[in-house]
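Following: one structure in structure tokens, then a few remarks.
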2 protein chains.
Amino acid sequence: MGLKSIEPFPMKAILVADDHSIVRLGVSHIISTLATPSAVEEASTFDEVITYLEAKRFDLLILDINIPGGNNLQMIDAVKLRQPNIRILMFSGYDEQLFAINYMQAGADGYLVKYSPEDEIRSAISTVLNQQKYMSAGTKEQLLSMLNSQREPVMNPLSTLSGREVEVMYLLTKGIPVARIADMLNLQVTTVSTYKTRIFEKLQISNIVELLEKVKMYSTAN
Amino acid sequence: MGLKSIEPFPMKAILVADDHSIVRLGVSHIISTLATPSAVEEASTFDEVITYLEAKRFDLLILDINIPGGNNLQMIDAVKLRQPNIRILMFSGYDEQLFAINYMQAGADGYLVKYSPEDEIRSAISTVLNQQKYMSAGTKEQLLSMLNSQREPVMNPLSTLSGREVEVMYLLTKGIPVARIADMLNLQVTTVSTYKTRIFEKLQISNIVELLEKVKMYSTAN
DNA sequence: GACAAATGTAGTATTATTACTACAAATATT
DNA sequence: AATATTTGTAGTAATAATACTACATTTGTC
């Protein structure tokens, strides 16, 4: 701790992607309190994220699931394609652990919900920056019980949905019509319709109102 | 400006209510950069807000519309009941100007969307703190055009529905398809469809999910 | 009481959604 | 490895929902 010119901890480059500026501000603020000195850039759309990734190397991307232009699992691939070694910490507004598992499997290094206390956010960022995986206690538990007994008694029906199905399910709960979902995910309308059918089958429901009930019932109680 | 003991600007007390801790952090950070020195408290549920309000006087409440335990217009009354002179700045994740008008009419002093740039958030907070109303350009415009045509007082849009419309609306919130509603009410499908269209027009919505939100927001059930 | 607006009702034409069906690729199971 | 499921994707045909339009009653207003 003497020589100014020798940096034992090289500056880390972090990209914070969220469409809410206060969230970016909060996250940047937390980052500024980390032991690791870091330079933060901010993006508010997924396109901006891509632009940044093509212009400069980053150590970590903190990515809001709901970012405009993104909002799907393919985001992970799109990011890793540009920078295979970047760390990705998903940052989500929903407590839905469901998403967590899917994104982790798709290659994310961590999944953090926005209502997590400040300390947890800080520790999640450090953890992922240090090349480790981060998972909230709840997510970890869910993953374990999932690996453990595959025939658990009371299973969360939402967890039986596949990645794509969860994406569509989420959009459906926002009241977005099938045609527009197809558009957003670059799929045929009939494809989305197939997902919808499968979702309804798996959850044993027959309309959006029931879908909202199910989601409320099984996702809030985390 | 010499005497330490004379405070020309007394400390303001601000309560930031949002279930996302980063948002609270970001807002607190912005507040700390204001000219007005302020003491910030944080709440993450509406119950906590009430508890705070009953314990201590606040100058300003920054309130997330979607806060757990709240999420409806009655929040305003609940707050003003405890502290009639408190200023309220609504902070919302949705851009929906619809909500804005409703909350302003219900007594809020400002309505701010979360994705607003930092400067706008800062200025909104100052504005409301200084006893003025804050509105985004878009909201202002909408409000004006609304006042122009007809200045009806705080109106519950649900109460503008006719008898038949209410019947259909109710069935719709149960997730019952149009065809079956027609059956139940012994009407033609197209008739029910017409009601549905009129309901959606009156409530300014475009799908069932939004219908449920409206009903939740305005139903006195809470 | 006259005229305007709101309400209850429905038809036609168009658009959106769903039911089936299919099939390759990825996973899981034996 | 061989076989069975699940998942991601989409086409065709059928069904449901909507946009417009229309019109006779109420209901409200000057």
Side-chain angles (χ1 to χ4, degrees), chain A residues 71-78 98-99 101-107 143 146-152 155 157-211, chain B residues 149-150 152 155 157-211:
Chain A
N71 200 25
N72 63 55
L73 284 173
Q74 275 87 62
M75 287 193 293
I76 303 291
D77 290 326
L98 320 160
F99 287 108
I101 305 284
N102 290 143
Y103 276 92
M104 295 294 278
Q105 286 182 330
L143 190 59
M146 184 176 254
L147 293 177
N148 254 351
S149 58
Q150 55 266 81
R151 39 70 179 93
E152 54 227 87
M155 214 208 329
L158 295 184
S159 69
T160 67
L161 300 182
S162 74
R164 229 26 177 165
E165 285 164 0
V166 172
E167 290 181 58
V168 171
M169 183 270 276
Y170 172 70
L171 269 358
L172 286 173
T173 65
K174 295 299 170 197
I176 302 172
V178 175
R180 206 162 127 245
I181 293 176
D183 223 53
M184 295 168 106
L185 301 181
N186 274 89
L187 293 173
Q188 289 311 116
V189 174
T190 55
T191 304
V192 175
S193 183
T194 300
Y195 290 139
K196 188 175 179 183
T197 302
R198 286 179 185 166
I199 291 166
F200 279 23
E201 268 169 14
K202 285 184 177 180
L203 303 185
Q204 299 181 74
I205 57 180
S206 63
N207 58 256
I208 300 291
V209 176
E210 286 172 359
L211 174 61
Chain B
S149 56
Q150 79 228 343
E152 53 209 279
M155 182 68 125
L158 293 184
S159 69
T160 67
L161 301 182
S162 74
R164 227 32 173 164
E165 285 164 0
V166 171
E167 287 182 67
V168 171
M169 184 269 275
Y170 174 71
L171 269 357
L172 286 173
T173 64
K174 296 298 170 195
I176 302 173
V178 174
R180 208 162 125 247
I181 293 176
D183 224 54
M184 295 168 105
L185 302 181
N186 274 90
L187 293 171
Q188 289 311 116
V189 174
T190 55
T191 305
V192 174
S193 183
T194 300
Y195 290 140
K196 189 175 177 182
T197 300
R198 288 179 183 165
I199 292 166
F200 278 23
E201 267 169 14
K202 285 184 177 178
L203 303 186
Q204 299 180 72
I205 58 179
S206 64
N207 58 255
I208 299 292
V209 175
E210 287 173 358
L211 209 212

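Throughout, protein chains are lettered first and strands after them, A, B, ... in sequence-line order, and every chain is numbered starting at 1. Any value given below was found using the heavy atoms of this structure, including those in side chains, with hydrogens, waters and symmetry copies removed. These figures come from a predicted structure and were not determined experimentally.
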Tell me: [atom1] of [X] to [atom2] of [N], nearest whole Å?
X        : N      : atom1 : atom2 : answer
B:Leu185 : C:dT7  : CG    : C1'   : 15 Å
A:Asn207 : D:dA17 : CG    : P     : 11 Å
B:Glu165 : C:dA6  : CD    : P     : 11 Å
A:Met169 : D:dT7  : CE    : C1'   : 16 Å
B:Asn186 : C:dT9  : CG    : C1'   : 13 Å
A:Leu161 : D:dT7  : CG    : P     : 9 Å
A:Ile208 : D:dA16 : CD1   : P     : 17 Å
A:Leu172 : C:dT17 : CG    : C1'   : 12 Å

* Asked: Taking the side chain of A:Arg164 as heavy atoms from C-beta outward, which of D:dA17, D:dT9, C:dT7 is closest to it?
  -> D:dT9
* Taking all non-hydrogen atoms of both residues, which atom of B:Tyr195 and which atom of B:Leu187 are closest, and how far apart? -> CE1-CD1, 3.8 Å
* To do: Looking only at non-hydrogen atoms, find the nearest pair between A:Ile208 and A:Phe200 and report the distance.
  => N-CZ, 4.1 Å
* Can you sort out which residues in residues 187-203 of chain A have a heavy atom within less than 4.0 Å of DNA chain D? Ascending by number, please. => A:Leu187, A:Gln188, A:Thr190, A:Thr191, A:Thr194, A:Tyr195, A:Arg198, A:Lys202
* To do: For residues A:Tyr103 and A:Met75, determine if any side-chain heavy atom of one lies less than 4.5 Å from a side-chain heavy atom of the other.
  => yes
* To do: Estimate the overall bend of the helix from C:dG1-D:dC30 to C:dT30-D:dA1 from the end axes over five pairs each, rounded to 10 degrees.
  => 60°
Let me check something: any side-chain donor-acceptor pairs from residues 161-186 of chain B under 3.5 Å, sequence neighbours excluded? List them with distances.
from, atom 1, to, atom 2, distance (Å)
B:Ser162, OG, B:Glu165, N, 3.4
B:Ser162, OG, B:Glu165, OE1, 3.4
B:Arg164, NH1, B:Glu167, OE1, 3.3
B:Arg164, NH1, B:Glu167, OE2, 3.1
B:Glu165, OE1, B:Ser162, N, 2.8
B:Glu165, OE1, B:Lys202, NZ, 2.7
B:Thr173, OG1, B:Tyr170, O, 2.6

* Roughly how far, to the nearest 0.5 Å, is the NZ atom of A:Lys196 from the OG1 atom of A:Thr194? -> 12.0 Å
